[in-house]
Student: 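If you scroll down you'll find the structure; I have some questions about it.
Just so we're on the same page: letters track the sequence lines, and every chain starts at 1.
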Protein chains: 2
Amino acid sequence: MVDVALRAGVSTATVSRALRGVEGVSDETRSRILALAEDLDYVVSPEASGLSGRATGRVAVVVHDLAAWYCSSVVVGLENELRAAGLELVVRCVDDPADRVEFFGTLPLRRKADALVVVAIPMSPEEQERLAGAGVTVVAAGTHDQHFPSVAIDDVNAAQQAVNHLLRLGHRRIALLNTVAADDRAWQAQMDREEGFRRAMRSAGVPVDETLVVSWSGGARGGAEGMDRLLSGERLPTAVFAFSDEVALGAIRSMRRSGFSVPQQISVVSIDDHPLAELTDLTTVRQDPLGLGRAAGRTVLAALRGEELPDVGAFPTRLVIRGTTAPPAD
Amino acid sequence: MVDVALRAGVSTATVSRALRGVEGVSDETRSRILALAEDLDYVVSPEASGLSGRATGRVAVVVHDLAAWYCSSVVVGLENELRAAGLELVVRCVDDPADRVEFFGTLPLRRKADALVVVAIPMSPEEQERLAGAGVTVVAAGTHDQHFPSVAIDDVNAAQQAVNHLLRLGHRRIALLNTVAADDRAWQAQMDREEGFRRAMRSAGVPVDETLVVSWSGGARGGAEGMDRLLSGERLPTAVFAFSDEVALGAIRSMRRSGFSVPQQISVVSIDDHPLAELTDLTTVRQDPLGLGRAAGRTVLAALRGEELPDVGAFPTRLVIRGTTAPPAD
DNA sequence: CTGAAAGCGCTTACAG
DNA sequence: CTGAAAGCGCTTACAG
């Protein structure tokens with residue numbers, strides 16, 4: 001920077017102001033400095049800038065499973081929005097419970113980032129408290145949060161959209177193929193989606209057959225295994241509401257293997273609209289993790305600017321009817 | 001840090017040395033300082049540290065499509081390895097060609113990171129040159145590179161593994177369902193996999209029917225469309241080698257829709273072993289992007305330590321035979 | 001509109 | 001093994 005200042009014949013203070021677009025520099029001087037900086041291929045040192053100023057120009061994101069479609073899409077949305085604002089994204093994966101304890105225990109983010117975005121990790125009260133004392137702006141993405149601004153879908157409502165679709169088709173023996181969090185701590189989405197399932201059934205006056213409510217591990221494999229359990233039960237469902245598209249895909253695989261046709265004998269609906277849902281002709285409730293990540297990014301920017309955060313409400317979801325649902329055979 | 005030094009009754013220089021595990025501090029002093037720092041919940045400011053020392057403690061990763069399984073897996077592997085070494089990962093997505101030009105044109109990474117990992121983006125000579133002059137350690141992951149250390153699979157060989165499997169089963173009319181890069185610049189993997197395809201055919205003395213060589217856009221949709229083209233040709237293939245699992249899945253969908261059974265009428269093999277490959281019983285050549293990311297991370301660490309980089313050779317791939325391949329019907 | 005000077009919180013030769 | 005001091009490259013009141 002001294003170099004630029006010397007050549008421009010001004011002080012480093014002026015260069016600093018010109019480069020940051022701050023007021024108090026004449027247009028003539030500013031453009032001269034900008035041109036010079038460009039010429040010299042000069043970039044400000046974020047270290048020095050962060051040390052003297054207050055902000056680091058970085059926002060951290062903690063994410064549960066970056067390799068999963070949902071999480072990586074949220075992160076891409078975040079990155080796009082933050083990059084446009086000149087901020088960098090530091091990614092921290094939290095793979096297992098031990099790692100999670102480690103992260104929330106040490107919170108290695110003080111002075112390392114201006115804000116933290118927690119993606120798809122419902123926080124315990126203790127974790128929230130730790131974070132609140134960490135001195136950074138916190139935004140939750142993919143989960144609802146009491147203490148911090150959050151952007152997420154309404155899982156109860158999304159589940160109702162799915163189950164109502166089955167009910168409208170005439171189904172009554174509807175199974176819930178839920179998942180359990182690997183973490184064993186209550187996972188918000190699972191509870192909310194079950195609540196939505198029950199609420200839809202209740203509204204329609206249809207009793208829930210508890211033998212048709214199964215919670216199994218997640219992913220396609222979990223869905224396949226959970227479905228095997230349902231198929232080995234006494235009375236079969238005519239329709240299944242699965243926690244996610246991946247679970248649904250696994251379930252469908254199990255059904256076909258066992259000789260059941262979808263949707264002729266059993267209908268399937270889930271939540272996500274994963275890229276493969278269209279390919280597999282899966283009826284699902286679409287959510288938009290990329291857009292959600294962008295919204296979370298905008299929330300971070302607003303919070304950093306100290307703006308009043310407008311309550312964005314729940315992020316929208318929408319039923320997409322494809323080929324895995326049909327009226328019951330009987 | 002002054003706070004810790006004051007309470008420990010030593011200078012900040014000693015605290016700094018103790019905290020970094022550098023030599024030149026008595027064990028007694030060191031442990032006292034460490035305990036104190038722990039007590040006070042003290043963490044060094046990376047800004048200040050970076051400003052006085054040389055390194056930033058950060059490595060940047062540029063990635064083409066973070067939402068894709070392959071790329072996000074590589075990034076997770078990288079993150080795991082780098083985090084274990086106390087380094088942070090800054091993620092930069094490069095979505096479209098314009099964005100790519102912008103990135104390589106401005107290279108906003110000088111002083112912002114100690115190293116740069118380029119994931120799945122084959123670089124042009126000009127881009128390589130720009131990077132070489134940027135003053136950061138560069139590692140390529142997922143592509144081979146002349147100028148920088150790189151860790152990648154041998155695409156030619158992987159393709160041969162796939163096609164040789166088909167040849168061994170007795171297939172001769174084998175189609176290549178390749179993809180074209182959205183970027184329109186030559187994409188290494190596509191060329192190498194085509195080369196592997198041709199080499200395997202040549203070795204087996206089987207002529208390539210050029211009407212069975214199709215390059216279409218990527219993803220499941222691209223695979224479906226490309227397959228439709230193949231199916232509308234004069235002579236049908238008895239087997240298809242697809243660029244990736246997603247392309248293969250799309251292709252299979254097209255075949256089933258057109259009334260062809262897999263593998264009875266047409267066999268399908270591809271490259272990846274995507275999580276859904278097992279679910280869909282797809283025969284494929286497995287690659288391990290998570291492990292590849294880890295290896296890239298280790299390469300970065302070694303380079304940062306100034307170590308001689310051992311030539312790791314190609315990252316291994318392995319044929320996984322499942323249910324989409326069988327001997328030809330005739 | 002512009003500059004001189006202090007200070008951000010560390011690390012690193014240089015002494016001892 | 002330990003400390004005093006300079007310096008890393010910026011930003012920010014404070015003057016002018």
Side-chain angles (χ1 to χ4, degrees), chain A residues 1-37 40-58 86-88 108-114 135-136 304 306, chain B residues 1-37 40-58 86-88 108-114 135-136 304 306:
Chain A
M1 182 178 267
V2 281
D3 200 29
V4 178
L6 249 37
R7 304 204 190 204
V10 298
S11 71
T12 58
T14 303
V15 174
S16 172
R17 285 191 273 255
L19 257 29
R20 279 173 303 135
V22 170
E23 297 219 328
V25 186
S26 71
D27 285 352
E28 194 276 317
T29 312
R30 185 187 302 278
S31 51
R32 186 153 46 89
I33 291 173
L34 256 33
L36 220 38
L40 298 174
D41 232 22
Y42 170 79
V43 284
V44 303
S45 155
E47 318 297 329
S49 170
L51 186 54
S52 25
R54 57 209 53 172
T56 64
R58 248 169 273 135
L87 294 174
E88 286 185 339
L109 48 84
R110 192 152 36 120
R111 298 151 147 187
K112 296 204 166 196
D114 303 333
V136 287
L304 250 25
Chain B
M1 181 178 269
V2 282
D3 199 29
V4 178
L6 249 37
R7 304 204 190 204
V10 297
S11 71
T12 58
T14 302
V15 174
S16 171
R17 285 190 275 255
L19 257 27
R20 277 174 304 137
V22 171
E23 298 218 329
V25 187
S26 71
D27 285 352
E28 194 274 318
T29 313
R30 185 188 302 277
S31 51
R32 187 154 43 88
I33 291 172
L34 256 34
L36 220 39
L40 298 173
D41 231 26
Y42 170 78
V43 286
V44 304
S45 153
E47 317 297 330
S49 170
L51 185 53
S52 24
R54 55 210 56 171
T56 64
R58 250 170 274 134
L87 294 175
E88 286 185 337
L109 48 85
R110 191 155 33 123
R111 298 151 149 186
K112 296 206 166 194
D114 303 333
V136 287
L304 251 23

Student: Suppose we screen for salt bridge (charged side-chain N to carboxylate O under 4.0 Å, His left out). Which residues come up paired with A:Arg20, at least two apart in sequence or across chains?
Tutor: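 For A:Arg20 there are no salt bridge (charged side-chain N to carboxylate O under 4.0 Å, His left out) partners, ignoring immediate neighbours.
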
Student: Side-chain N or O of B:Tyr42 less than 4.0 angstrom from OP1 or OP2 on C:dG9?
Tutor: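 Answer no for this pair, as no side-chain N or O of B:Tyr42 is under 4.0 Å from OP1 or OP2.
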
Student: Whole-Å distance between D:dC1 P and B:Arg32 CZ?
Tutor: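 About 14 Å, once rounded to whole Å.
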
Student: Figure out the CG/P separation between A:Leu51 and D:dT12, and round it to whole Å.
Tutor: 12 Å

Student: Please report the closest heavy-atom contact between A:Ala48 and A:Ser45, naming both atoms and the distance.
Tutor: N-OG, 3.1 Å

Student: Does B:Thr14 place a side-chain N or O at less than 4.0 Å from the phosphate oxygens OP1/OP2 of D:dT2?
Tutor: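 It does not, given that no N or O in the side chain of B:Thr14 lies less than 4.0 Å from OP1 or OP2 of D:dT2.
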
Student: A:Leu6 CG to C:dT2 P: how many Å, rounded?
Tutor: 17 Å

Student: Measuring from the side chain of B:Ala48 (C-beta onward, heavy atoms only), which nucleotide among D:dA5, C:dG9, D:dT12 has the closest atom?
Tutor: C:dG9

Student: Test of understanding: with side chain to side chain contact (heavy atoms under 4.5 Å, CB included), list the residues that count as partners of B:Leu6, not counting sequence neighbours.
Tutor: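 Expected list: none.
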
Student: When Watson-Crick pairs (N1 to N3 and N6-O4 or O6-N4) and G-U wobble pairs (N1-O2 and O6-N3) count only below 3.5 Å on both distances, what is the dot-bracket string of DNA chain C, with | for other-strand pairs?
Tutor: |||.||||||||.|||

Student: Mind checking what makes side chain to side chain contact (heavy atoms under 4.5 Å, CB included) contact with B:Ser31, not counting sequence neighbours?
Tutor: none

Student: For a quick test of reading the model, state the closest non-hydrogen atom pair linking A:Glu47 to B:Leu51 and the distance between them.
Tutor: CB-N, 4.0 Å

Student: Calculate the interatomic distance between B:Met1 atom CE and D:dA4 atom P; express it in whole Å.
Tutor: 15 Å

Student: Can you see if the side chain of B:Ser52 gets near the phosphate of C:dT11 - specifically, an N or O under 4.0 Å from OP1 or OP2?
Tutor: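 No, because none of the side-chain N or O atoms of B:Ser52 sits under 4.0 Å from OP1 or OP2 of C:dT11.
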
Student: Checking B:Val136 against B:Asp114 for the side-chain contact (heavy atoms from CB on, under 4.5 Å) test, could you report, in this order, the C-alpha distance in whole Å, the side-chain angles of both residues, the deciding distance, and whether it holds?
Tutor: CA-CA 6 Å; B:Val136 287; B:Asp114 303 333; over 6 Å; no

Student: Identify whether any heavy atom of B:Val2 sits under 4.0 Å from a base atom; if not, whether one sits that close to sugar-phosphate; answer base, sugar-phosphate or nothing.
Tutor: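 Touches nothing.
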
Student: Is it true that a side-chain atom of A:Arg30 and a backbone atom of A:Val22 form a donor plus acceptor pair closer than 3.5 Å?
Tutor: yes

Student: For B:Glu28, what residues pass the salt bridge (charged side-chain N to carboxylate O under 4.0 Å, His left out) criterion, not counting sequence neighbours?
Tutor: B:Arg32

Student: Contacts to DNA chain C from residues 16-29 of chain B, heavy-atom cutoff under 4.0 Å, which residues?
Tutor: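 Those residues whose heavy atoms fall under 4.0 Å from DNA chain C, taken from residues 16-29 of chain B in numerical order, are B:Ser16, B:Arg17, B:Arg20.
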
Student: Does D:dC10 have OP1 or OP2 sitting under 4.0 Å from an N or O in the side chain of A:Ser49?
Tutor: no

